[in-house]
Amino acid sequence: MAETKREIERKYASDDSGLPDLTGVGGVAAVLDKGLVELDATYYDTADQRLAAASLTLRRRTGGSDAGWHLKLPVAPGVRDEIRAPLSDTLPQELAALVRSRVREAELVPLVRLRSARDVRHLVDADGTLLAEASVDAVTAERLTAPGGTSQWTEIEIELADGGDPAFLDQVEKRLARAGVRPSASPSKLARALEHTGGLRRPPGTSAEPVTAGDHVLAYLRAQRDALVALDPAVRLGTPDTVHRMRVATRRARATLRTFRTVLDRAATEPLAAELKWLAGELGVDRDQEVLAERLTTALDALPPGLATGPARERLASWARAGGAGAHAHLAGVLDSPRHLALLNTLDALLADPPLRKAAARKPKKALGKAVHKDLAKLTTLVERALALPPGTERDLALHEARKKAKRTRYAAEAATPALGARARGLTAAMKSLTTLLGDHQDSVMARRTLRELAAVAHAAGESAFPYGVLYGREEARAAAAEAELPKRWRKAADRSSG
């Protein structure tokens, strides 16, 4: 069973002077010598170094107190999540799954072997509480693939204790700087080993400033592809809000393909757009369950004790757990499926060789502005149609369609913002406000449907359905308030979009 540890550390270049005395720095009362540890780690990657290019490391290490398989995922500079699995001869499946979106069908091969003689010190306060672990590592790196080669160096590593204040590391760094110790030029041992034994392969550069309409569209689409791949491990680990963020990236990518049809050939992009729609739907199974459970639980908790009668709370909690667990297991299967991996490959191929149309070479302001305006005109029609309908199922459906179109308009404006500037930013803000209102309305529609189902089950079990009825009435009032607010919100959106 894998476990996750948040690792906050800093690395420094070291010469023969070793570790300076850190007593008195940031509350350090003593520096305890914990002896020498011999570590032997083999790092795995694809032949084209896909993991290293994304600052991920996957290793099998023996020696020390945490021998086993380790996958390190970047969180922020100097911060990584280390996923640990027990030592075994082959890569554990739970770690293989976490890198699948990057590795896909490629083979993971031994890339580098690092042997380290680690001189370990514990920095403790007056009570003996561990503040950080400091080590001096004498490293020997051996490249296991062509062109081969070896390298040796010594480095200092300061790792913050669990739950420690990162500001402590700033104080340690100041002391090291006074002693002439400087931060390492490499973010990790693996990166340094690759640089010194044949080079770290980098993906093709994409930092050039967008010039044409095609440049802007592809830059936005590329950002969504990167988000899909980067979020995959966090979604599998159940990190809060990551399913929602992956779904948004999926919708943004699909909206880009559909809105900017004068830039990207529709005949080439329609199959990919259809697959993105499928993925968004699969992600929605987990996300919609999560949103509904939170909404209904919060609403039930807000009821006066006298209204929350019977086992409604237990039934709702059971429903949320069962649905959430089933949805997450289903989503893990989706992310492992050949269909999902083929989608990612197709998206990569489109970005590498985009099916550009004539308008892609034009200046972005006119070409992108025209596409965004077209989406806005379609949204206007949908909103006006919904407002003309009486309250009820037909209006609910019309408002849901308007919400989807408002999202597409928002994403189009986001993609065009670098080219269009303030006007696109204003439209993005207006569409965000509108979709928030329409989203609350749609959530109310779904909540009422779920409450009817829960009430029916409770009634069949001989339980009181009263709490569900109270919540249903409150959801009706909430939806009515959203509908009453819509004309005002729409006028403000129209004003901002034309400004």
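Computation of the quantities below employed the complete heavy-atom set of this structure, encompassing side-chain atoms and omitting hydrogens, waters and symmetry-equivalent molecules. Starting from 1, each residue takes its place in the sequence as its number.
- Distance CG/Leu356 to OG1/Thr212: 7.5 Å, rounded to 0.5 Å.
- Shown here is Glu485, whose CD atom has more than 12 heavy atoms of other residues, nucleotides or ligands within 6.0 Å.
- A cation-pi arrangement is found for Arg339 relative to Trp278, the charged atom lying closer than 6.0 Å to the ring centre and inside a 45° cone about the ring normal.
- Side-chain contact between Leu272 and Lys277 is absent, with no heavy-atom pair separated by less than 4.5 Å.
- Shown here is Glu270, whose CD atom has more than 12 heavy atoms of other residues, nucleotides or ligands within 6.0 Å.
- With a 6.0 Å radius and a threshold of 12 heavy atoms from other residues, nucleotides or ligands, Glu107 has its CD atom at or below the threshold.
- The local environment of NZ in Lys363 is sparse, with at most 12 non-hydrogen atoms from other residues, nucleotides or ligands closer than 6.0 Å.
- By the 4.5 Å heavy-atom criterion applied to side chains, Leu144 and Val112 are not counted as neighbours.
- Between Glu463 and Arg315 there is a salt bridge, since at least one side-chain N of the basic residue sits less than 4.0 Å from a carboxylate O of the acidic one.
- Although no hydrogens or angles enter the test, the distance criterion places no donor-acceptor pair under 3.5 Å between the side chain of Arg236 and the main chain of Pro233.
- Minimum interatomic distance between Ala249 and Ala227 (heavy atoms only, all atoms of both residues): CB-CB, 3.9 Å.
- Annotation for Ala386 and Leu399: closest pair CB-CD2, 3.6 Å, computed over non-hydrogen atoms.
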